[in-house]
Number of protein chains: 2
Amino acid sequence: MSRFDYPVYLQLRDQLWSWIEAEKLSSQQRLPSERELSERFHTTRVTIRQALSQLEAEGLIFRSNRRGWYITPERLRYDPSRDVGFNRYVTEQGFKPRTETLFKQLTEVSPWLSEASGLEVGAPVYHVFRRRYVDERGLLVEHNYINPAHCPGLLGESTDLSIWQMLRDKYDLRPEHRDIEIYPLALKGLEADSLSVNPGAAGLYIQRLSFDQRGEFLELDREYWLHDALKISVRIGDRH
Amino acid sequence: MSRFDYPVYLQLRDQLWSWIEAEKLSSQQRLPSERELSERFHTTRVTIRQALSQLEAEGLIFRSNRRGWYITPERLRYDPSRDVGFNRYVTEQGFKPRTETLFKQLTEVSPWLSEASGLEVGAPVYHVFRRRYVDERGLLVEHNYINPAHCPGLLGESTDLSIWQMLRDKYDLRPEHRDIEIYPLALKGLEADSLSVNPGAAGLYIQRLSFDQRGEFLELDREYWLHDALKISVRIGDRH
DNA sequence: AAGTGGTCTAGACCACGTG
DNA sequence: ACGTGGTCTAGACCACTTT
């Protein structure tokens with residue numbers, strides 16, 4: 001219960017944050033270099049980094065690649081149960097969205113995708129890999145696996161906007177029910193690289209498995225978010 | 001794209017995990033000491049700790065206090081939209097649940113609680129603080145704030161089981177709709193201490209704000225989970 | 001009492017991003 | 001080319017847990 005030893009790195013955390021507030025550093029602004037900070041606070045780089053990591057874990061600052069430390073913007077509110085597209089709800093909250101398609105291809109159903117979707121292994125499936133930005137900070141990457149049976153020619157369309165909207169407007173496809181999975185994980189490999197974070201950076205995984213009006217597999221969505229980027233907000237019940 | 005430098009700590013991560021699999025270490029088993037590992041793998045404690053932290057971030061191992069590193073058990077599946085109590089769904093998945101009430105008291109509605117619940121600041125409210133275990137590992141702590149208007153004498157009851165079940169069976173109260181919030185955060189202070197983790201340990205925050213059949217505030221639930229402890233799983237739609 | 005993990009120092013070299 | 005963050009070494013002391 002007692003906290004006799006309040007370690008240096010936690011004291012530094014407090015000093016750092018006070019300093020940041022005093023300086024009125026705002027969203028996406030860069031902190032001084034680690035060497036400069038370690039001098040200013042009379043300690044080692046290792047210890048300053050521990051303090052910075054603490055603030056990072058709390059979601060107050062973030063780092064980008066080898067570029068430095070920055071102030072974390074406000075979390076984006078997100079309701080994975082709604083059909084509203086990314087661009088729309090980001091705009092609604094007063095931010096600027098952007099989507100980048102990193103690749104899209106027609107590929108074959110893998111064993112794990114088969115198990116989730118019910119499609120046969122080796123059957124054709126669209127695979128789209130995209131990165132989404134809010135105010136020019138990349139917040140998530142997402143893999144979309146789409147059943148081509150119901151939306152031939154999808155890859156010919158632009159995928160820089162809402163795939164949902166396209167499925168609804170062009171193909172009259174709407175999800176009837178969905179299985180959603182959410183859990184924290186460490187970002188690694190392709191996902192970590194694409195988001196310019198170190199392997200091991202904390203992330204949040206959101207998977208949405210959607211079936212259409214006839215109960216057939218429509219789409220599987222696998223999203224990898226930065227841990228400090230979003231706040232999931234859902235209302236349950238209240239269906240009139 | 002290229003990965004010319006595959007850092008030592010990531011190589012160690014791989015070696016460590018291979019070693020763990022070869023040794024067939026199972027859930028909740030302890031790893032050798034850091035000094036022993038750093039000798040075995042011909043490196044420093046600092047670097048071994050970096051490798052261990054990587055595995056921790058990935059949810060493969062966890063640490064407890066100053067006691068050592070352990071193999072992480074399988075994630076618990078959890079559906080925050082259902083009314084099923086903790087004890088029941090833990091048992092359903094073949095684990096052993098336990099709940100410990102750390103304190104319970106009648107207190108006054110604070111400003112932030114007032115904003116969430118609609119109760120007036122200073123009005124009476126029950127506050128229960130509990131810790132929940134699965135297979136004797138503490139996975140979460142939870143604050144319950146309950147409207148005493150509808151369930152007088154609640155604090156006299158045992159709170160080591162499901163509060164939901166009690167509200168339903170003894171007071172005929174069931175949630176009509178709920179606002180749920182979920183986001184990753186760092187565990188700190190009381191929550192970190194109660195779960196025997198360091199300040200800054202990755203966690204998942206789940207908040208459930210429930211209103212009863214008449215639309216009145218019933219209960220606010222604030223849960224702090226270990227990041228590696230759960231997998232949220234929800235089905236949306238499909239209501240027949 | 002012994003051993004553990006938690007913290008901290010004072011250096012160093014490297015790969016990478018930015019000018 | 002320079003400065004940055006990322007990584008790594010070889011120590012040390014302390015608080016705490018366990019024996």
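In what follows, chains are A, B, ... by sequence order, proteins preceding strands, each numbered from 1. Computed from a predicted structure; not experimentally measured.
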Visitor: Can you tell me the distance, in whole Å, between the CD atom of A/E36 and the P atom of D/dC2?
Guide: 19 Å
Visitor: Roughly, in whole Å, what's the span from CZ in A/R66 to C1' in C/dT18?
Guide: 14 Å
Visitor: Mind checking what makes side-chain contact (heavy atoms from CB on, under 4.5 Å) contact with A/T107, not counting sequence neighbours?
Guide: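 For A/T107 the side-chain contact (heavy atoms from CB on, under 4.5 Å) partners, ignoring immediate neighbours, are A/Q105, A/V125, A/H127.
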Visitor: For A/Y70, give me all partners under ring-ring contact (aromatic ring centres under 6.0 Å, His included), at least two apart in sequence or on another chain.
Guide: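 Testing A/Y70 for ring-ring contact (aromatic ring centres under 6.0 Å, His included), a comparison that skips the adjacent residues, returns A/F62.
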Visitor: Starting from P on D/dA15, measure out to CG on B/N198 and report it in whole angstrom.
Guide: 16 Å
Visitor: In residues 46-61 of chain A, which ones come under 4.0 Å of DNA chain D, going by heavy atoms?
Guide: A/R49
Visitor: What about A/Y205 and A/Y224, are their ring centers closer than 6.0 Å?
Guide: yes
Visitor: Can you see if the side chain of A/R63 gets near the phosphate of D/dT4 - specifically, an N or O under 4.0 Å from OP1 or OP2?
Guide: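 No, A/R63 has no side-chain N/O under 4.0 Å of OP1/OP2 on D/dT4.
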Visitor: Quickly work out the A/E34 CD to C/dA10 P distance and round it to whole Å.
Guide: 17 Å
Visitor: What is the distance, to the nearest angstrom, from the CG atom on B/L12 to the C1' atom on D/dT9?
Guide: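 Roughly 13 Å, once rounded to whole Å.
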Visitor: In this structure, how many angstroms lie between the C1' atom of C/dG6 and the CG atom of A/L10, rounded?
Guide: 11 Å
Visitor: OP1 or OP2 of D/dT17 sitting under 4.0 Å from any side-chain N/O of B/N65?
Guide: yes
Visitor: Would you indicate whether B/Q15, at its atom CD, is surrounded by more than 12 heavy atoms from other residues, nucleotides or ligands within a distance under 6.0 Å?
Guide: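 Atom CD in B/Q15 is crowded, with more than 12 foreign heavy atoms closer than 6.0 Å.
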Visitor: Could you work out, with side-chain contact (heavy atoms from CB on, under 4.5 Å) as the rule, every residue matching A/E58, not counting sequence neighbours?
Guide: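 A/E58 satisfies side-chain contact (heavy atoms from CB on, under 4.5 Å) with A/R13, A/Q54, A/L55, A/L60, B/A186, B/K188 once adjacent residues are dropped.
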Visitor: Output the rounded distance in Å from CG (A/L37) to C1' (D/dG3).
Guide: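 To the nearest whole Å, that distance equals 15 Å.
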Visitor: Phosphate oxygens OP1/OP2 of C/dT18: is one of them under 4.0 Å from a side-chain N or O of A/R67?
Guide: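 Checking C/dT18 against A/R67, a side-chain N or O does come within under 4.0 Å of OP1 or OP2.
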Visitor: Ignoring hydrogens and angles, does a donor from either the side chain of A/R45 or the base of C/dG11 sit under 3.5 Å from an acceptor on the other?
Guide: no
Visitor: Using whole Å, report how far CG of A/D193 lies from C1' of C/dC16.
Guide: 13 Å
Visitor: Which side-chain N or O atoms in residues 194-201 of chain B pair as donor and acceptor under 3.5 Å with protein atoms at least two apart or in another chain?
Guide:
from: B/S194; atom 1: OG; to: B/L190; atom 2: O; distance (Å): 2.6

Visitor: Quick one: ring pair (Phe, Tyr, Trp, His ring centres under 6.0 Å) pairs with a partner in residues 21-60 of chain B, sequence neighbours left out?
Guide: none
Visitor: Touch check for B/S33, heavy atoms < 4.0 angstrom, all strands: base, sugar-phosphate only, or nothing?
Guide: sugar-phosphate
Visitor: OP1 or OP2 of C/dA12 less than 4.0 angstrom from a side-chain nitrogen or oxygen of A/R35, does that happen here?
Guide: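 So the side-chain polar atoms of A/R35 never come under 4.0 Å of the phosphate oxygens OP1 or OP2 of C/dA12.
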Visitor: Can you identify which nucleotide, out of D/dG5, C/dG6, D/dC8, has its nearest atom closest to the B/Y9 side chain?
Guide: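 From the listed options, D/dC8 comes nearest.
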Visitor: Closest to the A/T44 side chain: D/dA10, C/dT9, D/dT7?
Guide: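 In terms of side-chain proximity for A/T44, the closest of D/dA10, C/dT9, D/dT7 is C/dT9.
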